[in-house]
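Whatever order the structure lists ligands and atoms in, that order sets their numbers, starting from 1. Just so you know, these numbers use all the heavy atoms, side chains as well, and skip hydrogens, waters and symmetry mates.
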Amino acid sequence: MKLSHALAVLIIAWLAVLGRIQAVTLEVKEGNSTCIKAELSASFSVTYNASSSTKTVQVALPDSTTVDIASSSCGSDSNSPWLVAVFGPGHALGLSFSTNGSLYSVANLTLQYNLSDTSVFPESNSSDVVTVISASVGIWATINTTYRCRSPATFNVGGASVTFSDMRLEAYMPRNDLSPTESVCMADQPSTAAPPTTAITTTTVAPSPTPPGTPERGLYSVNNSNGTVCLLAQMGLQLNVSYFSLSQNKTIQELLNLTPNRTIASGSCEASSASLVLTQERTTLTFTFTLNSTTNKYRLSGLTLLANWTDAPAPFTATNTSLDYLRSTLGRSYMCNAEQTLVVVPIFSLNTFRLQVQPFRVTTNQFATAEECQMDQDQMLIPIIVGAALAGLVLIVLIAYLIGRKRSHAGYQTI
Ligand SMILES: *[C@@H]1O[C@H](CO)[C@@H](O)[C@H](O)[C@H]1NC(C)=O
Ligand SMILES: *[C@@H]1O[C@H](CO)[C@@H](O)[C@H](O)[C@H]1NC(C)=O
Ligand SMILES: *[C@@H]1O[C@H](CO)[C@@H](O)[C@H](O)[C@H]1NC(C)=O
Ligand SMILES: *[C@@H]1O[C@H](CO)[C@@H](O)[C@H](O)[C@H]1NC(C)=O
Ligand SMILES: *[C@@H]1O[C@H](CO)[C@@H](O)[C@H](O)[C@H]1NC(C)=O
Ligand SMILES: *[C@@H]1O[C@H](CO)[C@@H](O)[C@H](O)[C@H]1NC(C)=O
Ligand SMILES: *[C@@H]1O[C@H](CO)[C@@H](O)[C@H](O)[C@H]1NC(C)=O
Ligand SMILES: *[C@@H]1O[C@H](CO)[C@@H](O)[C@H](O)[C@H]1NC(C)=O
Ligand SMILES: *[C@@H]1O[C@H](CO)[C@@H](O)[C@H](O)[C@H]1NC(C)=O
Ligand SMILES: *[C@@H]1O[C@H](CO)[C@@H](O)[C@H](O)[C@H]1NC(C)=O
Ligand SMILES: *[C@@H]1O[C@H](CO)[C@@H](O)[C@H](O)[C@H]1NC(C)=O
Ligand SMILES: *[C@@H]1O[C@H](CO)[C@@H](O)[C@H](O)[C@H]1NC(C)=O
């Protein structure tokens, strides 16, 4: 008891020291000019195998973090700009950037951690240096502006996660310091509501919509280049989004149903990835399915929502490319009649209803045999249990009746 208490206090103290979020400033230079500058706080959540179980630790990017000059670069024609920050014995965080001339974005995040560092990973089973990479994380800004996001934002990087907060950064910098113009992330926008002078000229306040019911189920398909159906999906879809509403002058959470007959489906099918793009007026929802050809399993690995709603001050974008939903086997479809909530990012999740999808190996325009989600299997158990109970009851009554009849027969015979 005493020992465990002491341990708990130690662990809390250790977390308080290590988990304290500090802001660091990181710069990548070429000669005398700065090309990437970032001011940010970051923390990492890493799960690893320890002697008796798996453990999860929370690590903050420490004050002592420095830029690894040898690995970092301002980029060239063939290489993209890369900011590599190093801390502790062999831990590193990398941000790779890309641009198309008008926007720049964080193309991927890299996290490297050294499991030999027992001060961070006590009792680790391994002494490996692990490197994990994310795909695009949805951090983007107009070129010649500073990306700003004070709100915490969490990104999955392989099995680990990285949370940034108090972030200001710029790549492809035109000057040696952060540009004064900021591109503010969605999560921060309430605090930067339009100034009253412009707000006065905005349109009349719209009544907040009543929550919609269960969405209608739509059948969507994607065709190959030769016209054959290669992806099938049948589902009801509901978006659960938080955004800053101009008409209500505050951040609101809203449920929006997709209406099948106003939704256009497109997409593409490749050997190991397939996408379904659903467009309803100002809303575009993209599903990305990935096939693992070693295990012959597929999953929904990415979801992106882009919307230019008139009531929002800026286009709404939310994306996560390291999801693991709707898992099934190649040659089968995935089915879930129960409502499912697919969390994409904190400000966007997707509710699915009566869903069946098959992103690979569709033959003759039809779904193959379905693999059903756990929720459906659990729900199927209820009628089975009720049925079994009823059957048991009937049997008991029947036996009781038969015994009763036999007794009364026996009774008559003795008279
Ligand atoms: C950098 O600046 C220093 C002094 O301001 C100057 O002497 C040096 O030549 C500059 N180097 C480059 C590559 O511009
Ligand atoms: C933990 O060990 C198991 C079995 O050795 C392995 O499958 C799993 O990937 C390991 N997990 C981590 C986080 O390293
Ligand atoms: C870690 O290693 C120990 C001893 O080799 C082993 O008993 C334990 O199962 C391992 N833990 C995990 C989660 O792999
Ligand atoms: C990992 O940590 C161990 C122990 O702290 C250290 O000896 C080793 O050099 C580190 N590895 C790297 C690649 O820095
Ligand atoms: C860059 O990408 C954005 C978003 O995808 C697009 O709106 C813009 O037109 C692109 N700019 C150029 C120059 O291609
Ligand atoms: C990260 O993104 C950059 C820019 O698009 C790319 O050059 C690089 O190969 C990517 N790294 C990985 C590991 O995917
Ligand atoms: C960014 O700023 C630089 C230097 O001020 C300028 O040359 C360039 O045209 C600007 N780019 C855009 C897309 O505005
Ligand atoms: C919006 O809200 C902010 C703070 O809550 C307030 O200062 C501002 O006047 C409001 N604007 C309008 C148009 O109501
Ligand atoms: C259609 O094209 C796909 C590849 O794009 C191919 O696998 C398939 O066999 C073709 N189907 C027909 C009927 O030609
Ligand atoms: C869409 O479907 C609804 C109900 O099924 C129907 O009332 C409406 O007229 C349809 N709209 C169009 C444009 O087809
Ligand atoms: C909003 O997006 C839709 C497509 O999603 C497009 O047709 C429409 O022109 C866009 N409106 C504005 C104002 O950008
Ligand atoms: C496929 O799955 C195996 C086993 O889970 C995994 O080791 C491998 O990295 C996966 N491949 C891809 C391309 O995701």
Side-chain angles (χ1 to χ4, degrees), residues 14 17-18 24 26 42-72 82-94 107-137 154-163 231 268-275 287-304 319-332 334 342 357-361 371 374:
W14 177 77
V17 172
L18 271 183
V24 296
L26 306 163
S43 68
F44 315 99
S45 168
V46 176
T47 302
Y48 65 100
N49 281 334
S51 49
S52 55
S53 61
T54 61
K55 287 194 177 188
T56 301
V57 292
Q58 199 80 34
V59 194
L61 195 67
D63 259 350
S64 56
T65 304
T66 55
V67 170
D68 179 4
I69 295 164
S71 313
S72 299
W82 204 22
L83 165 65
V84 181
V86 288
F87 56 101
H91 310 304
L93 172 70
N108 48 50
L109 288 174
T110 317
L111 177 63
Q112 176 184 303
Y113 51 92
N114 181 355
L115 290 172
S116 309
D117 182 355
T118 49
S119 66
V120 177
F121 303 105
E123 298 174 37
S124 172
N125 259 13
S126 156
S127 54
D128 290 350
V129 175
V130 179
T131 304
V132 284
I133 295 165
S134 78
S136 164
V137 290
T154 302
F155 305 102
N156 286 325
V157 184
S161 74
V162 176
T163 303
L231 181 152
S268 64
C269 299
E270 271 142 51
S272 62
S273 88
S275 69
F287 296 76
T288 307
F289 295 91
T290 309
L291 173 71
N292 183 328
S293 44
T294 336
T295 57
N296 276 351
K297 300 268 182 199
Y298 65 81
R299 67 193 160 98
L300 175 66
S301 58
L303 267 174
T304 300
T319 185
N320 188 335
T321 54
S322 48
L323 301 176
D324 189 7
Y325 292 127
L326 320 186
R327 260 174 300 164
S328 187
T329 312
L330 184 63
R332 300 258 176 127
Y334 173 91
L342 313 181
V357 292
Q358 190 176 343
F360 298 101
R361 279 220 193 141
E371 277 181 7
Q374 193 60 43

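Neither side chain, Thr65 nor Asp63, offers a donor N or O lying under 3.5 Å from an acceptor on the other.
Atoms of ligand 2 found under 4.0 Å from any heavy atom of Thr47 (numbered from 1 in listed order, with element): 13 (C). Listed by atom number, the atoms of ligand 4 under 4.0 Å from Asn114 heavy atoms are 1 (C), 2 (O), 3 (C), 8 (C), 10 (C), 11 (N), 12 (C), 14 (O).
Judged by distance alone, with hydrogens and angles left aside, the side-chain atoms of Ser134 form a donor-acceptor pair with the main-chain N or O of Leu109 at under 3.5 Å. Although no hydrogens or angles enter the test, the distance criterion places a donor-acceptor pair under 3.5 Å between the side chain of Gln112 and the main chain of Gly90.
Atom 12 (C) of ligand 12 has as its closest protein heavy atom Asn292 ND2, 3.5 Å. In this structure, atom 13 (C) of ligand 4 lies nearest to the protein heavy atom Val129 CG2, 3.8 Å. When hydrogens are left out, the protein atom nearest atom 14 (O) of ligand 4 is Gly90 CA, 3.4 Å; that is the closest non-hydrogen contact. For atom 5 (O) of ligand 12, the closest heavy atom belonging to the protein is Thr295 CG2, 4.2 Å.
By the 6.0 Å contact criterion, CZ on Arg299 is enclosed, its count of non-hydrogen atoms from other residues, nucleotides or ligands being greater than 12.
Inter-residue side-chain proximity for Pro122 and Tyr48 is flagged as met; some heavy-atom pair is nearer than 4.5 Å.
Contacts between Thr54 and ligand 2, counted as non-hydrogen atom pairs separated by less than 4.0 Å, are absent for every part of the residue.
Aromatic pair Phe289/Tyr334: ring centres not closer than 6.0 Å.
Distance remark: protein heavy atom not present below 4.0 angstrom from atom 9 (O) of ligand 12.
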